[in-house]
A.B. asks: 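One structure coming up, written as structure tokens, with questions to follow.
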There are 2 protein chains.
Amino acid sequence: MKRKITLKQIAKELDVSVSTVSKALSNSKEISEDTTQKIQAFAKLYNYKPNNIALSLKNRKTKTIGILIPEIVHHFFSTVIRGIERVANRRGYNVIVGLSNESFTKEIINMEMLASGSIDGFILSISKETLLKQDYHHFNATIDQGMPIVMFDRVVNEVDCDKVIVDDFNGAVKAVKKLVENDCKNIALITTMDYVSVGRLRTQGYLEALQSSGIEANSNLILKIDDSLDVENNLEVLETEIAHFFKSNQNIDAVFAVNELYAVSAMKVASKLGMRIPDDIQVIGFTDGVLSKHATPSLTTVSQHGQKIGEQSANLLIDRLEAEDVSTEQYFTNNEKKRDFIKMVIETEIIERESTK
Amino acid sequence: MKRKITLKQIAKELDVSVSTVSKALSNSKEISEDTTQKIQAFAKLYNYKPNNIALSLKNRKTKTIGILIPEIVHHFFSTVIRGIERVANRRGYNVIVGLSNESFTKEIINMEMLASGSIDGFILSISKETLLKQDYHHFNATIDQGMPIVMFDRVVNEVDCDKVIVDDFNGAVKAVKKLVENDCKNIALITTMDYVSVGRLRTQGYLEALQSSGIEANSNLILKIDDSLDVENNLEVLETEIAHFFKSNQNIDAVFAVNELYAVSAMKVASKLGMRIPDDIQVIGFTDGVLSKHATPSLTTVSQHGQKIGEQSANLLIDRLEAEDVSTEQYFTNNEKKRDFIKMVIETEIIERESTK
DNA sequence: TGTCAACACGAAAACGTTTTCGTTAAATAT
DNA sequence: ATATTTAACGAAAACGTTTTCGTGTTGACA
């Protein structure tokens, strides 16, 4: 077993100083051609790679970014990670992930753990519990310590930072308008409780689309699912609730659901109740995941472009990190203002499949 | 903006030495009660947290483990990550992820990037291209540099390290035997090309189960999908291939598929061809993901327990890392042998749903 | 009064880099 | 022959810790 070689060892072996080795490896012309050759050859032979930790300590930057998300076994979030990793890698950064598991406390612990030097900045999406508590001090605290944050999807006005969001409102509008165009008269909405902002925005989009189409909203056609109960593992509960909803509103001829699972469940229940899709009832869901693509019939969805969200988030963060470099450098000579915080909106797109006409 | 405070700053502010501060914060009894109190109060006030990077450099360990997987938008892999993150977090480790994207080169680049000090050990699953090339020198090289590796799922004999695998062979056997018990006479297999070991093992399990049940294997009933074509985005290709397969083998009364997608596609095609599930044809898939749960009808599957795989992998790795500590310490006084490499087999489980009787 | 522990603290090294600032010797200029 | 530049390299500081080893000041004790 040969441990990784260090500058010091090379220096000793070649009987030169550490500084000489360092300079030679960076092709400094302070060092003679001869010794440079010799040192580089030796380094290559022993496969020398500078120690990242030492570099991090010296440069006071780690070249890694921290991702903090509520859940990873989730198509949207993993797609975002993929996007982040792509540009992070391209731009020379590593990616370290923390999972809040939708818990306020775990979110804080994770942040503190990572903020103590391990990373240069955060990309995160707020946990449900934090949204409920409306306690955002930990975000502001880490920003205050000079660590930039980029929030995506689940964002919040109380924190001043770059944000990347999907256009939930207009996505919902588009979806519902498509149903209206398809001659649907009684469009139902299946949504979540209001505290998750994305759910609220999609609901508002639904209402807006109805209104601008001259259709009066009917609160009987809105089903709010309490997602404090873990529907993912309680499918029957969800399905019976939807079934009950359908039965007491026989006139429903379309469903817009704020996520994939609700939409697919609605289709399943509708089929069981003998309705044909899309002839008797059309369905559109938000979030374009595996379920939508492979359901029977396949589901028309509003795609959020998770990967793009990840890529933009990473670019925003890294841009800011590398802009900080020069601004710190020129802190006293150059009085340029810091870049203002950016709120980037990713447009949604409707992917038409078999569940609509 | 108040930057993070350091020992040196505390020392200066309180007019003591850095060593005193360090000792006081670790409750060393070398320091008097008074100064300890004073220092701890001050540290708490300014929310002092030791700098991880400095600690890593000093201790020559980073307390982070590197995950290197082919793909993250994938139910199985993200489940494994969740498992890893769980125990890593519990045991005080962070998790840094790299994505090989099934590419040999990206795998190597990622490994080298992480192996240069950023992590203490790897948990990884080999990329398809690497398996094809059968070139494993980068794994052996990093092991040789003293960095432990745990491989999961896609493992290989040529590398000596801890491994966590799912019992693909017996999982397949169980599945096929269940079909046999359910009175199926002509059980088809939908599988991949052979170079991914898990596909091969599942195929062998299929054959074994048939043989031990006294059924003669019929090569016409085996469909091999060329997964070099990206079926995920070419569903039609997959489906027409399966349709063709069904039409030329009208007697098929059951399908065992080596993954979820193939199984769900088979169900879809079967339905289109007018077969009823599970009455005319029963289906079992490998890998228990979202698709299986939410398909109509829902799919009976062989569950791989991805989270458990992740947890075990992390425990194996961390155990080894922390065992190394003492063995290094007592290197000369204690001649204990290193722990042998462990191959841990996670049993599969059949999750019965609507696609079987 | 002189000796010796005990106590409380500081100096310095070490982890592996990079970079600034010498320093020496040779080469060139005066 | 002397002064000055240039080439080639080394010493040391710095990043933020922890830890080992001093060191000075007490108080007790003979």
Side-chain angles (χ1 to χ4, degrees), chain A residues 3-40 42-43 46-64 115-120 145-146 325 328-329, chain B residues 3-40 42-43 46-64 115-120 145-146 325 328-329:
Chain A
R3 289 219 93 91
K4 300 222 67 178
I5 198 171
T6 71
L7 284 191
K8 199 193 280 191
Q9 293 170 40
I10 298 185
K12 193 173 183 182
E13 214 67 33
L14 262 46
D15 212 47
V16 291
S17 79
V18 175
S19 1
T20 304
V21 179
S22 174
K23 289 170 189 164
L25 290 178
S26 57
N27 281 311
S28 159
K29 46 184 198 166
E30 249 182 279
I31 308 299
S32 75
E33 189 96 3
D34 278 7
T35 41
T36 301
Q37 289 281 334
K38 190 177 57 177
I39 293 177
Q40 291 194 350
F42 191 90
Y46 283 89
N47 192 30
Y48 171 78
K49 293 266 162 44
N51 181 307
N52 282 333
I53 296 294
L55 285 180
S56 297
L57 184 59
K58 177 128 237 307
N59 302 329
R60 293 144 129 247
K61 63 182 58 141
T62 61
K63 287 275 190 175
T64 84
S116 316
S118 308
I119 62 167
D120 296 338
Q145 297 196 345
D325 277 4
T328 308
E329 216 170 77
Chain B
R3 289 221 91 91
K4 301 222 66 178
I5 197 170
T6 70
L7 284 191
K8 198 193 281 191
Q9 293 170 38
I10 299 183
K12 192 174 184 181
E13 214 66 35
L14 261 45
D15 212 45
V16 291
S17 79
V18 176
S19 2
T20 305
V21 179
S22 175
K23 289 170 188 164
L25 291 178
S26 57
N27 282 311
S28 158
K29 48 187 197 162
E30 248 181 280
I31 308 299
S32 76
E33 189 97 4
D34 278 7
T35 40
T36 301
Q37 289 280 333
K38 191 176 58 176
I39 292 177
Q40 291 194 351
F42 191 90
Y46 283 89
N47 193 29
Y48 170 78
K49 293 267 162 43
N51 181 308
N52 281 334
I53 296 294
L55 284 179
S56 297
L57 185 59
K58 177 133 238 307
N59 302 330
R60 294 144 131 251
K61 65 182 55 144
T62 61
K63 287 272 189 179
T64 82
S116 317
S118 307
I119 62 167
D120 295 339
Q145 298 197 343
D325 277 4
T328 308
E329 218 171 76

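All values derive from a computational prediction rather than experimental measurement. Chain A is the first sequence line, chain B the second, and so forth, proteins listed ahead of strands; every chain is numbered from 1.
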A.B. asks: Walk me through whether Ser26(A) and Ser28(A) qualify under side-chain hydrogen bond (donor to acceptor under 3.5 Å, both in side chains).
C.D. replies: CA-CA 6 Å; Ser26(A) 57; Ser28(A) 159; 5.7 Å; no
A.B. asks: Is any N or O donor-acceptor pair between the side chain of Lys8(A) and the base of dT17(C) shorter than 3.5 Å?
C.D. replies: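 Donor-acceptor pair under 3.5 Å: no.
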A.B. asks: So if I take every side-chain heavy atom of Leu57(A) and compare against dG16(D), dT17(C), dA11(C), which nucleotide ends up nearest?
C.D. replies: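 From the listed options, dG16(D) comes nearest.
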A.B. asks: With respect to the phosphate group of dC15(C), does any side-chain polar atom (N or O) of Ser56(B) fall under 4.0 Å of OP1 or OP2?
C.D. replies: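 No, outside the criterion.
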A.B. asks: Of the nucleotides dG10(C), dA12(D), dC15(C), which one has an atom closest to the side chain of Lys23(B)?
C.D. replies: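 Shortest atom-to-atom distance from the side chain points to dG10(C).
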A.B. asks: Select one nucleotide: of dA11(C), dG16(C), dC9(D), the one nearest the side-chain heavy atoms of Asn51(A).
C.D. replies: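 Nearest nucleotide to the side chain: dG16(C).
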A.B. asks: Please tell me if Arg60(B) has a side-chain N or O lying less than 4.0 Å from either OP1 or OP2 of dG16(C).
C.D. replies: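 Indeed, a polar side-chain atom of Arg60(B) lies that close.
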A.B. asks: Counting side-chain heavy atoms from CB outward, which of dT17(C), dT20(D), dT18(D) is closest to Leu7(B)?
C.D. replies: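 Closest nucleotide to the Leu7(B) side chain: dT18(D).
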A.B. asks: Can you tell which of dG10(D), dT18(C), dG16(C) lies closest to the side chain of Ser22(A)?
C.D. replies: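 Closest nucleotide among those given: dT18(C).
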A.B. asks: Base of dA11(D), side chain of Ser19(A) - is there a donor-acceptor contact under 3.5 Å?
C.D. replies: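 Such a pair is found, so the answer is yes.
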A.B. asks: Identify which nucleotide among dC9(D), dG16(C), dT17(D) has an atom closest to any side-chain atom of Thr35(A), counting heavy atoms from C-beta outward.
C.D. replies: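 Between dC9(D), dG16(C), dT17(D), the one nearest the side chain of Thr35(A) would be dC9(D).
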A.B. asks: Counting only side-chain nitrogens and oxygens, does Tyr48(A) get under 4.0 Å of the OP1 or OP2 atom of dG16(C)?
C.D. replies: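 Negative; the distance criterion is not met.
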A.B. asks: Testing the 3.5 Å rule here: is there a donor-acceptor pair between the side chains of Thr35(B) and Ser32(B)?
C.D. replies: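 Judged by distance alone, the side chains do pair up.
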A.B. asks: Check the side chains of Asn47(B) and Lys49(B) for a donor-acceptor pair under 3.5 angstrom, ignoring hydrogens and angles.
C.D. replies: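 The criterion, which ignores hydrogens and geometry beyond distance, is satisfied for Asn47(B) and Lys49(B).
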A.B. asks: For the pair Asn52(A) (side chain) and Gly117(B) (backbone), establish whether a donor and an acceptor sit closer than 3.5 Å, ignoring hydrogens and angles.
C.D. replies: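 No.
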